[in-house]
Number of protein chains: 2
Amino acid sequence: MTKKTGGPSTYDVAKLAGVSQMTVSRVMSGKGYASENVVARVQEAAGKLGYVPNRIAGALAGKKAALVGVILPAVSNVVFAEVLQGLNEGLAESGLKPVFGVSGYDQQEEERLVRDMLSWQVSGLVLTGLEHTAATRAMLASHSTAVAEVIDVDGEPIAACFGLSHAKAATDMAQHLLTKGYRRFGYVGCNLERDLRAGKRRKAFVETVVAGGGEFVGEACDDAPSSMLHGRVLTDRLMAAAERPEAIYFSNDDMAAGGLMYCLANGLRVPDDIALASFNGLEFLEALPLQITTSRSPRRKIGLLAGHYLALRNDGKDALDKVELSAELISGQTS
Amino acid sequence: MTKKTGGPSTYDVAKLAGVSQMTVSRVMSGKGYASENVVARVQEAAGKLGYVPNRIAGALAGKKAALVGVILPAVSNVVFAEVLQGLNEGLAESGLKPVFGVSGYDQQEEERLVRDMLSWQVSGLVLTGLEHTAATRAMLASHSTAVAEVIDVDGEPIAACFGLSHAKAATDMAQHLLTKGYRRFGYVGCNLERDLRAGKRRKAFVETVVAGGGEFVGEACDDAPSSMLHGRVLTDRLMAAAERPEAIYFSNDDMAAGGLMYCLANGLRVPDDIALASFNGLEFLEALPLQITTSRSPRRKIGLLAGHYLALRNDGKDALDKVELSAELISGQTS
DNA sequence: GTGAAAGCGCTAACAG
DNA sequence: CTGTTAGCGCTTTCAC
């Protein structure tokens, strides 16, 4: 049972090394000059005591913490996990550590989390998408924390923004299907109320097919989180309607995989009876019997860019603050 | 350009509310008594100023931060993403925030990360697996931080431990295959050097089939991270050998899915020509044309338990510190 | 119930 | 190059 926080402090190391506390601080942080002799003595003392600097104290004194807040809608979703991985890589060199929270696609919860992150004096913040509550925007405006919004670029960013145009990805896909000769389209999606990016894709898709001389014959949607099972059930529902589409656009790969299962189970020939297309280009698609036509989103890259941006901003440097990446259309066997 | 850290402090709120700084602290933290009148005035002042408490200062004064360090081998891997999700849920009520790092299955890197987390004065730590460097163990022994080791229980935990016996999961699977009548076994795996759990499963599997009268005829392994593509390639390699197995155990679902693809592409009948079995029971398996026999690991539950444990320990309460969950064997269509 | 004083462990700013 | 002096914004501890 130690009385103090736990470990030894700069004070203890200083005593042992026969220097002042300040010198220990300088040696440990590598900032400012110190003679070789002193550096060696301090390091030895630190090693002997098992000294671990207290960054909480450092952050308080230095007025900012080497933490970045990361707020994602979900983690179990591979998409966000991959963004997180990229972010982590982008941050690796900088010494910044991600602290993080899951909003569950809820802007109120996001607001709460932003407040929380701000209370940790994070030097940077990563938010998903461009839509936030007024209070969130207000907080961010009054605090000088660097903010990077990721994944979406269709809207007004607070400051920096790294992602792709979901509208464009959907438009491209619509065009692709029109070019292939499909004219009667359907849509199957989940979680549209909350997943704003999926909503933007749906809207752009419908507009493009209609503008391109196609017909939008129906859709099956649901508020539940997306999954293969839901994709299968909703595809069933859509196909049971009077007017069957020739091609279905899904809110994402999970849903499309479910749709494909429905088709296989019901003896529908893909793409002759029904064409399928989706969004994300996740790795698991490779395991399916048919390669689904989809748009690959640069998830890791998005995280990486955001990480680099926050790392540079943390060093007081300027950085590229808006990068629009593009989704690569993968023309598979289902269209 | 504000001079101070950024936001208003308890001092500013106190002035506006006409009370002392200490009273503001009490009202904000909800600890200690305060008259209704005072509470109202303080809250109004705080609201008006957009006061956000500085938890860094709070942590320094209170000698511990409401942070838990989470160190995982990888995030892009769904398995860990799901553990993380559970952890997040388990921590939600407690006010503890996860700070996190990715070790890349490297114990040296884990050691570095542990030091880092400790420097943030985290009140708890989540580590993956039971194997750590001596230095990591030493640091943990001298700091009083609560530690929860997750995913694996086959070994000596530092303190608390939530996971499953990978040896048992593999033994069960071996038994299952023996019962089904298979006698000649093979193994396909990736990343065994680093993923110690996969190594434990492999070892237990081989031992059990041999002990049960079966024969282990060969394996194909690789040090790369696991993926469907590798599963396919390595299965090809294994099947090209002189002695073909009747059943293959894979290091995980990704690899098995790749194996299944190999079989389908090469006209092998599953399970008649070759049976396949794996570990994890990830959701994407549902999308495959055949349901693969696997063991479902309780990933979310593991995270949840660890979160609850750390939350309780943070409140100074005692808590269940060792829970061995079991993997559910899912007998699919590939065995 | 509320306030005043002290200090958490570190770093910024200035001496020397 | 190294030491001294002040805090950072909060909580702990003790008065009142």
Side-chain angles (χ1 to χ4, degrees), chain A residues 2-42 45-46 49-67 95 118-121 123 143 316, chain B residues 2-42 45-46 49-67 95 118-123 143:
Chain A
T2 32
K3 285 175 191 195
K4 311 227 166 180
T5 305
S9 67
T10 43
Y11 183 76
D12 302 305
V13 177
K15 233 174 16 185
L16 188 61
V19 295
S20 78
Q21 198 208 42
M22 193 57 231
T23 299
V24 174
S25 170
R26 278 196 272 253
V27 171
M28 297 316 290
S29 67
K31 286 172 174 142
Y33 303 90
S35 66
E36 276 191 24
N37 179 348
V38 167
V39 170
R41 259 165 42 222
V42 169
L49 294 173
Y51 170 71
V52 176
N54 181 336
R55 296 219 199 190
I56 294 284
L60 183 59
K63 302 202 196 340
K64 80 163 188 249
L67 293 172
L118 254 19
S119 80
W120 284 108
Q121 316 301 115
S123 77
H143 285 248
Chain B
T2 30
K3 286 176 190 189
K4 313 229 165 177
T5 306
S9 69
T10 43
Y11 182 75
D12 302 306
V13 177
K15 234 174 17 183
L16 187 62
V19 295
S20 78
Q21 196 213 57
M22 194 53 235
T23 299
V24 174
S25 170
R26 278 196 271 255
V27 172
M28 296 319 288
S29 68
K31 285 171 175 141
Y33 303 90
S35 65
E36 277 191 22
N37 180 348
V38 167
V39 171
R41 259 164 44 219
V42 169
L49 293 174
Y51 171 71
V52 176
N54 182 337
R55 299 220 198 189
I56 293 285
L60 181 59
K63 300 201 197 343
K64 82 163 187 255
L67 293 172
L118 252 22
S119 80
W120 284 110
Q121 316 299 115
V122 293
S123 76
H143 284 248

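Naming: A, B, ... by sequence-line order, numbering from 1 per chain.
One atom, CD of A:Gln21, and another, P of D:dT5, lie 12 Å apart when rounded to the nearest Å. Put simply, CZ on B:Arg41 is 9 Å from P on C:dG3, counting in whole angstrom units. When rounded to the nearest whole Å, the span between NZ of A:Lys15 and C1' of C:dG9 equals 14 Å. Residue B:Trp120 contributes atom CH2, which lies 20 Å from atom P of C:dC8 at whole-angstrom precision. Between B:Arg55 atom CZ and D:dC8 atom C1' there is a gap of 18 Å when expressed in whole angstrom units. Protein atom CD of B:Gln121 is 15 Å distant from nucleotide atom C1' of D:dC10, rounded to whole Å. Rounded to an integer number of Å, the gap from OH of B:Tyr11 to P of D:dG7 is 13 Å. If you take CD of B:Glu36 and C1' of C:dT2, they are 16 Å apart, rounded to a whole angstrom.
With C:dA5, C:dG1, C:dA12 as the candidates, the nucleotide lying closest to the side chain of B:Met22 is C:dA5. Of the candidate nucleotides D:dG9, D:dT2, C:dT11, D:dT2 has the atom lying nearest to any side-chain atom of A:Ser35. Of the listed nucleotides (D:dG9, C:dG3, C:dC10), D:dG9 has the atom at the smallest distance from the side chain of B:Leu60. Of the candidates C:dC8, D:dT2, C:dC10, C:dC8 carries the atom nearest the B:Lys63 side chain, counting heavy atoms from C-beta on. When the nucleotides C:dG1, C:dG9, D:dT2 are ranked by their closest atom to the side chain of A:Thr23, D:dT2 comes out on top. Here the nucleotide nearest the side chain of A:Tyr51, chosen from D:dT11, D:dT4, C:dC10, is C:dC10. Ranking C:dC10, D:dT2, D:dC10 by closeness to the A:Thr10 side chain, first place goes to C:dC10.
Regarding contacts with the backbone of C:dG3, a side-chain N or O of B:Ser20 is found under 4.0 angstrom from either OP1 or OP2.
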* Taking it one step at a time, do A:Tyr51 and A:Thr10 satisfy side-chain contact (heavy atoms from CB on, under 4.5 Å)? -> CA-CA 8 Å; A:Tyr51 170 71; A:Thr10 43; 3.4 Å; yes
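With the nearest nucleotide of DNA chain C identified for both A:Val24 and B:Ala34, B:Ala34 has the one nearer the 5' end. Along DNA chain D, the nucleotide nearest A:Gly18 and the nucleotide nearest A:Ala61 are compared for position; the residue whose nucleotide lies closer to the 5' end is A:Gly18.
Within 3.5 Å, a donor on the side chain of A:Arg26 pairs with an acceptor on the base of D:dG3, or the reverse.
With a 4.5 Å cut-off on side-chain heavy atoms, B:Gln121 and A:Asn54 count as touching. Residues B:Met28 and B:Val13 form no side-chain contact, since every pair of their non-hydrogen atoms from C-beta on lies 4.5 Å or further apart.
Closest approach of A:Ala66 and B:Trp120 over heavy atoms only: N-CH2, 3.7 Å. Residue A:Arg41 comes nearest to A:Gly18 through the heavy atom pair NH2-O, 3.6 Å, listed as atom of the first residue, atom of the second, then distance.
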